[in-house]
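Taking it in order: structure first as C-alpha coordinates, then the write-up.
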Amino acid sequence: MDLVIWICPRESDARVNLTRRIVFGQNPRRTAVRVLVLTSISFITFGWVLIPMRAEGISMLPTYQSGSLNLVNRLAYLNQKPSRGDIVAIKLAGPHVLYVKRIIALPGERISVTEGQVYVNGVPLIEPYVRNRNPWDVPEVTLTSREYFVIGDNRGMRATDHDFGRVDVSRIVGRIVF
(Lines give C-alpha, C1' and ligand atoms only; values in the text may rest on other atoms or scores of the structure.)
Protein backbone atom coordinates (compact mmCIF):
# COMPACT_ATOMS: atom_id res chain seq x y z
CA MET A 1 0.00 0.00 0.00
CA ASP A 2 1.31 3.41 -0.98
CA LEU A 3 1.33 6.19 1.45
CA VAL A 4 -0.28 9.37 0.05
CA ILE A 5 0.45 12.60 1.80
CA TRP A 6 -1.58 15.64 0.98
CA ILE A 7 0.26 18.89 1.51
CA CYS A 8 -2.06 21.84 1.94
CA PRO A 9 -0.48 25.16 1.11
CA ARG A 10 -0.49 27.54 3.96
CA GLU A 11 -2.79 30.50 3.73
CA SER A 12 0.11 32.96 3.98
CA ASP A 13 1.84 31.35 0.98
CA ALA A 14 -1.33 31.75 -1.04
CA ARG A 15 -1.55 35.43 -0.08
CA VAL A 16 2.09 36.00 -1.00
CA ASN A 17 1.57 34.36 -4.39
CA LEU A 18 -1.57 36.38 -5.01
CA THR A 19 0.17 39.63 -4.03
CA ARG A 20 3.17 38.78 -6.20
CA ARG A 21 0.88 38.07 -9.15
CA ILE A 22 -1.05 41.32 -8.64
CA VAL A 23 2.13 43.42 -8.38
CA PHE A 24 4.22 41.73 -11.07
CA GLY A 25 1.48 40.17 -13.23
CA GLN A 26 1.62 36.74 -14.73
CA ASN A 27 4.70 37.66 -16.73
CA PRO A 28 7.13 39.75 -14.60
CA ARG A 29 9.38 40.53 -17.59
CA ARG A 30 6.46 42.04 -19.50
CA THR A 31 5.45 44.04 -16.42
CA ALA A 32 9.00 45.39 -16.08
CA VAL A 33 8.94 46.55 -19.71
CA ARG A 34 5.61 48.29 -19.14
CA VAL A 35 6.92 50.07 -16.06
CA LEU A 36 10.05 51.16 -17.95
CA VAL A 37 7.99 52.49 -20.88
CA LEU A 38 5.54 54.37 -18.62
CA THR A 39 8.40 55.84 -16.58
CA SER A 40 10.15 57.01 -19.75
CA ILE A 41 6.98 58.57 -21.14
CA SER A 42 6.31 60.37 -17.84
CA PHE A 43 9.90 61.60 -17.62
CA ILE A 44 9.79 63.01 -21.16
CA THR A 45 6.27 64.46 -20.78
CA PHE A 46 6.84 66.21 -17.45
CA GLY A 47 10.49 67.05 -18.09
CA TRP A 48 10.28 68.60 -21.55
CA VAL A 49 6.72 68.87 -22.85
CA LEU A 50 4.46 69.77 -19.90
CA ILE A 51 6.55 71.55 -17.30
CA PRO A 52 4.92 71.75 -13.86
CA MET A 53 5.20 75.16 -12.21
CA ARG A 54 3.77 76.86 -9.15
CA ALA A 55 2.34 80.37 -9.51
CA GLU A 56 3.49 82.75 -6.77
CA GLY A 57 2.22 86.26 -6.19
CA ILE A 58 -0.92 88.19 -6.95
CA SER A 59 -0.27 89.59 -10.42
CA MET A 60 -2.54 87.05 -12.17
CA LEU A 61 -5.46 87.20 -9.72
CA PRO A 62 -8.27 86.20 -10.11
CA THR A 63 -7.27 83.92 -13.02
CA TYR A 64 -4.55 82.09 -11.05
CA GLN A 65 -4.26 81.98 -7.28
CA SER A 66 -0.88 82.25 -5.58
CA GLY A 67 0.40 78.75 -4.86
CA SER A 68 -1.60 77.07 -7.63
CA LEU A 69 0.12 74.30 -9.60
CA ASN A 70 0.02 74.78 -13.38
CA LEU A 71 1.46 73.09 -16.44
CA VAL A 72 3.35 74.88 -19.21
CA ASN A 73 2.95 73.36 -22.68
CA ARG A 74 6.31 73.90 -24.36
CA LEU A 75 5.04 72.55 -27.70
CA ALA A 76 2.09 74.98 -27.93
CA TYR A 77 3.95 77.39 -30.20
CA LEU A 78 5.77 74.84 -32.32
CA ASN A 79 3.39 75.29 -35.30
CA GLN A 80 1.67 78.54 -34.38
CA LYS A 81 2.54 81.91 -32.95
CA PRO A 82 1.34 83.21 -29.59
CA SER A 83 -1.90 85.14 -29.85
CA ARG A 84 -3.58 87.92 -27.90
CA GLY A 85 -5.14 86.66 -24.68
CA ASP A 86 -2.80 83.67 -24.29
CA ILE A 87 -1.40 83.18 -20.80
CA VAL A 88 2.26 82.32 -21.18
CA ALA A 89 5.29 81.40 -19.12
CA ILE A 90 8.24 83.74 -19.66
CA LYS A 91 11.86 82.90 -18.88
CA LEU A 92 13.29 85.31 -16.38
CA ALA A 93 16.58 83.84 -15.19
CA GLY A 94 17.30 80.29 -16.26
CA PRO A 95 14.83 77.51 -17.01
CA HIS A 96 13.31 77.34 -13.52
CA VAL A 97 12.40 80.99 -12.86
CA LEU A 98 9.33 81.88 -14.90
CA TYR A 99 6.80 84.71 -14.98
CA VAL A 100 3.16 84.03 -15.80
CA LYS A 101 1.57 86.84 -17.82
CA ARG A 102 -1.12 87.44 -20.43
CA ILE A 103 -0.25 88.58 -23.97
CA ILE A 104 -2.17 91.75 -24.79
CA ALA A 105 -0.28 93.04 -27.85
CA LEU A 106 1.37 91.29 -30.79
CA PRO A 107 4.51 92.08 -32.81
CA GLY A 108 4.31 95.32 -34.78
CA GLU A 109 1.36 96.74 -32.82
CA ARG A 110 1.22 100.03 -30.93
CA ILE A 111 0.14 99.78 -27.31
CA SER A 112 -0.61 102.32 -24.58
CA VAL A 113 -2.44 102.40 -21.26
CA THR A 114 -4.46 105.49 -20.36
CA GLU A 115 -6.33 105.73 -17.04
CA GLY A 116 -6.06 101.93 -16.75
CA GLN A 117 -7.60 101.25 -20.18
CA VAL A 118 -5.36 99.38 -22.64
CA TYR A 119 -5.32 100.66 -26.22
CA VAL A 120 -3.93 98.57 -29.07
CA ASN A 121 -3.40 100.55 -32.29
CA GLY A 122 -5.61 103.27 -30.78
CA VAL A 123 -8.58 100.93 -30.15
CA PRO A 124 -9.62 100.07 -26.57
CA LEU A 125 -8.93 96.44 -25.72
CA ILE A 126 -11.86 94.55 -24.20
CA GLU A 127 -10.53 92.56 -21.26
CA PRO A 128 -13.28 90.65 -19.41
CA TYR A 129 -10.67 88.82 -17.29
CA VAL A 130 -9.51 92.03 -15.55
CA ARG A 131 -11.37 92.61 -12.28
CA ASN A 132 -9.44 95.44 -10.63
CA ARG A 133 -8.18 98.48 -12.53
CA ASN A 134 -6.05 101.28 -11.20
CA PRO A 135 -5.83 104.39 -13.36
CA TRP A 136 -2.24 104.01 -14.51
CA ASP A 137 -0.71 105.33 -17.66
CA VAL A 138 1.88 103.77 -19.93
CA PRO A 139 3.10 105.86 -22.86
CA GLU A 140 2.55 104.43 -26.34
CA VAL A 141 5.19 102.00 -27.61
CA THR A 142 5.48 100.20 -30.92
CA LEU A 143 6.57 96.58 -30.69
CA THR A 144 9.23 95.14 -32.99
CA SER A 145 8.63 92.06 -35.12
CA ARG A 146 9.93 89.82 -32.30
CA GLU A 147 8.21 91.44 -29.30
CA TYR A 148 4.97 90.81 -27.44
CA PHE A 149 3.50 92.98 -24.70
CA VAL A 150 2.53 91.08 -21.56
CA ILE A 151 0.84 92.08 -18.33
CA GLY A 152 -0.86 90.41 -15.36
CA ASP A 153 -4.63 90.28 -14.91
CA ASN A 154 -4.59 91.99 -11.50
CA ARG A 155 -4.44 95.68 -12.36
CA GLY A 156 -5.51 96.85 -8.88
CA MET A 157 -1.92 97.64 -7.89
CA ARG A 158 0.14 100.67 -8.82
CA ALA A 159 1.98 100.41 -12.13
CA THR A 160 5.31 100.57 -10.30
CA ASP A 161 4.38 97.37 -8.41
CA HIS A 162 3.85 95.42 -11.65
CA ASP A 163 6.25 93.54 -13.90
CA PHE A 164 4.96 94.03 -17.42
CA GLY A 165 6.06 95.18 -20.81
CA ARG A 166 7.86 94.01 -23.90
CA VAL A 167 9.03 90.41 -24.15
CA ASP A 168 11.16 88.94 -26.91
CA VAL A 169 9.66 85.81 -28.46
CA SER A 170 12.76 83.81 -27.46
CA ARG A 171 11.85 84.24 -23.76
CA ILE A 172 8.35 82.74 -24.13
CA VAL A 173 8.60 79.16 -22.87
CA GLY A 174 5.05 78.07 -23.67
CA ARG A 175 1.36 78.43 -22.94
CA ILE A 176 -0.14 77.70 -19.54
CA VAL A 177 -2.45 74.70 -19.88
CA PHE A 178 -4.34 75.15 -16.60
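FYI, the numbering just counts along the sequence from 1.
- The minimum heavy-atom distance linking Ser66 with Gly57 is given by the pair OG-N, 3.0 Å.
- Going from atom CD1 of Ile111 over to atom CZ of Phe164 covers 9.5 Å, rounded to the nearest 0.5 Å.
- A distance of 5.0 Å separates CE in Met53 from CD1 in Ile176, rounded to the nearest 0.5 Å.
- Note: Asn70 CG to Leu50 CG = 12.0 Å, rounded to the nearest 0.5 Å.
- Residue Ala89 comes nearest to Leu98 through the heavy atom pair CB-CD1, 4.1 Å, listed as atom of the first residue, atom of the second, then distance.
- Cation-pi check for Arg102 over Tyr129 is met; the charged atom lies under 6.0 angstrom from the ring centroid and within 45 degrees of its normal.
- Here the side chain of Ser68 pairs no donor or acceptor atom with the backbone of Tyr64 at under 3.5 angstrom.
- Note: the hydrophobic cluster containing Leu36 does not contain Leu38 (ILVMFWY, side chain heavy atoms under 4.5 Å, direct or indirect links).
- For Glu56, there are no salt bridge (Lys or Arg N to Asp or Glu O under 4.0 Å) partners at least two apart in sequence or on another chain.
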Take Arg133 and Glu127 through the test side chain to side chain contact (heavy atoms under 4.5 Å, CB included) and record every step on the way to the result.
-> CA-CA 11 Å; Arg133 271 185 217 274; Glu127 299 178 289; 3.4 Å; yes
Evaluate side chain to side chain donor-acceptor pair (under 3.5 Å) for Tyr77 paired with Asp86, printing each intermediate quantity in order.
-> CA-CA 11 Å; Tyr77 300 123; Asp86 286 356; 2.7 Å; yes
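- To the nearest 0.5 Å, atom CG of residue Leu71 and atom CD1 of residue Ile51 are 9.5 Å apart.
- The distance from the CD1 atom of Ile172 to the CD1 atom of Ile90 is 6.0 Å, given to the nearest 0.5 Å.
- Using modelled atom types, no side-chain atom of Gln117 and backbone atom of Thr114 make a donor-acceptor pair closer than 3.5 Å.
- Across all their heavy atoms, Ser145 and Pro107 have their closest contact at O-CB, 3.4 Å.
- A salt bridge links Glu109 and Arg84; the closest N-O separation between the charged side-chain nitrogens and carboxylate oxygens is under 4.0 Å.
- Of the N and O atoms on the side chains of Ser59 and Asn154, not one donor lies less than 3.5 Å from an acceptor on the other residue.
- Trp136 and Tyr119 are not part of a single hydrophobic cluster, where members link through side-chain heavy atoms under 4.5 Å apart.
- A 4.5 Å side-chain heavy-atom check between Arg74 and Val49 finds every atom pair outside the cut-off.
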With side chain to side chain contact (heavy atoms under 4.5 Å, CB included) as the test, would you mind laying out the steps for Val141 and Arg166 before giving the verdict?
-> CA-CA 9 Å; Val141 294; Arg166 301 173 183 218; 3.3 Å; yes
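- Between the Arg155 side chain and the Gly152 main chain, a donor and an acceptor come within less than 3.5 Å of each other.
- In terms of modelled atom types and a separation under 3.5 Å, the side chain of Asn73 and the main chain of Leu75 share a donor-acceptor contact.
- If you run side-chain contact (heavy atoms from CB on, under 4.5 Å) between Val118 and each of Leu125, Val130, Val138, only Leu125 comes through.
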Go through the steps to decide whether Leu106 and Tyr148 satisfy the test side chain to side chain contact (heavy atoms under 4.5 Å, CB included), and finish with yes or no.
-> CA-CA 5 Å; Leu106 306 174; Tyr148 291 84; 3.7 Å; yes
Yes or no on side chain to side chain contact (heavy atoms under 4.5 Å, CB included) for Val72 and Arg175, after CA distance, side-chain angles and deciding distance?
-> CA-CA 6 Å; Val72 178; Arg175 184 178 0 184; over 6 Å; no
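- Put simply, Leu69 and Met60 are part of two different groups of oily side chains (I, L, V, M, F, W, Y) that touch within less than 4.5 Å, one to the next.
- In this structure, Val37 belongs to a hydrophobic cluster whose other members, linked by side-chain heavy atoms under 4.5 Å apart, are Val33, Ile41.
- Under a cut-off of 6.0 angstrom, the local environment of CD in Gln26 is sparse, with at most 12 non-hydrogen atoms contributed by other residues, nucleotides or ligands.
- Under a 3.5 Å cut-off, the side chain of Ser112 and the backbone N or O of Glu140 do not form any donor-acceptor pair.
- Grouped with Phe43 in one hydrophobic cluster are Ile44, Trp48, the linkage being side-chain heavy-atom contacts under 4.5 Å among Ile, Leu, Val, Met, Phe, Trp and Tyr residues.
- Residues Phe46 and Leu78 share a hydrophobic cluster, clusters being chains of Ile/Leu/Val/Met/Phe/Trp/Tyr side chains in contact below 4.5 Å.
- At least one side-chain heavy atom of Ile104 sits under 4.5 Å from a side-chain heavy atom of Ile151.
- Partner of Val88 under the side-chain contact (heavy atoms from CB on, under 4.5 Å) criterion, chosen from Ile103, Val167, Val173: Ile103.
- Heavy atoms of other residues, nucleotides or ligands lying less than 6.0 angstrom from CD1 of Ile126 number 12 at most.
- Proximity of a side-chain donor or acceptor of Arg171 to a complementary backbone N or O of Lys91 within less than 3.5 Å is detected.
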